[in-house]
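Presented below is the structure to which this report refers.
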Amino acid sequence: YLVFLAEDPSAPAFRGSYRLEGNKIILSDTSSNDPQKLQSGEGSYLFVRTATGVDLRKVQDENAWRAERFEGVWSAAQ
């Protein structure tokens, strides 16, 4: 996956991988534009598709930056 930040939408701030297990997605960051911000550790979220995207509910996340920001409704990119 790619994470773009509003401060610099020209390039992804984080890149990662994910795997699906039923209605759970497990996320892991693999690189960052700022190596000091890269946090290892997986995060798992339950997900439900919505009409416009997905609703994520945190199960657990070892990455503090992601844990503070990923839970909630996400809209599909156009």
Side-chain angles (χ1 to χ4, degrees):
Y1 61 89
L2 303 173
V3 175
F4 291 84
L5 302 179
E7 300 88 53
D8 182 8
S10 66
F14 297 95
R15 296 175 189 268
S17 62
Y18 69 91
R19 67 182 187 276
L20 300 175
E21 296 177 359
N23 70 330
K24 184 165 56 171
I25 185 168
I26 295 95
L27 306 164
S28 180
D29 288 357
T30 57
S31 67
S32 172
N33 283 349
D34 181 351
Q36 293 183 347
K37 292 185 178 179
L38 181 64
Q39 296 181 38
S40 61
E42 291 187 337
S44 60
Y45 293 77
L46 298 176
F47 70 90
V48 174
R49 290 185 193 193
T50 68
T52 60
V54 66
D55 187 1
L56 298 176
R57 296 293 165 211
K58 181 173 53 176
V59 175
Q60 66 82 29
D61 201 330
E62 299 168 2
N63 179 317
W65 188 93
R66 187 177 51 225
E68 292 177 9
R69 293 167 175 84
F70 273 38
E71 188 168 34
V73 177
W74 288 74
S75 296
Q78 298 293 327

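All values below were derived from every heavy atom in this structure, side-chain atoms included, with hydrogens, water molecules and symmetry-related copies excluded.
- The salt bridge (Lys or Arg N to Asp or Glu O under 4.0 Å) contacts involving residues 18-32 comprise Arg19-Glu21, Arg19-Glu42, Asp29-Arg66, where partners must be two or more places apart or lie in separate chains.
- Here Asp34 contributes atom CG and Phe14 contributes atom CZ; the two are 7.5 Å apart, rounded to the nearest 0.5 Å.
- Residues passing the side-chain contact (heavy atoms from CB on, under 4.5 Å) test with Glu68: none are found, sequence neighbours excluded.
- Hydrophobic cluster membership for Val59: Leu46 (Ile, Leu, Val, Met, Phe, Trp, Tyr linked by side-chain heavy atoms under 4.5 Å, directly or transitively).
- Counting side-chain heavy-atom gaps under 4.5 Å among Ile, Leu, Val, Met, Phe, Trp and Tyr, the cluster of Leu2 also holds Phe4.
- Once rounded to the nearest 0.5 Å, the distance linking OH of Tyr45 with CG of Asp55 reads 12.5 Å.
- Residues Ser32 and Leu38 come closest through the heavy atom pair CB-CB, 3.9 Å.
- Listed by chain and number, the residues in a side chain to side chain donor-acceptor pair (under 3.5 Å) with Asn23 amount to none (sequence neighbours excluded).
- Closest of all the heavy-atom pairs between Ile26 and Ser44 is CG1-CB, 4.0 Å.
- Remark: Gln39 engages Asn63, Ala64, Trp65 in a side-chain contact (heavy atoms from CB on, under 4.5 Å) (not counting sequence neighbours).
- Not counting sequence neighbours, the partners of Phe47 by the side-chain contact (heavy atoms from CB on, under 4.5 Å) test are Leu20, Ile25, Val54, Leu56.
- With sequence neighbours excluded, the residues satisfying ring pair (Phe, Tyr, Trp, His ring centres under 6.0 Å) with Phe70 are Trp74.
- When all heavy atoms of Arg57 and Glu71 are compared, the pair lying nearest together is CA-OE2, 3.6 Å.
- Looking at residues two or more places apart in sequence or on another chain, you find a side-chain contact (heavy atoms from CB on, under 4.5 Å) between Thr52 and Thr50, Ser75.
- In this structure, the side chain to side chain donor-acceptor pair (under 3.5 Å) partners of Asp8, at least two apart in sequence or on a different chain, are Ser10.
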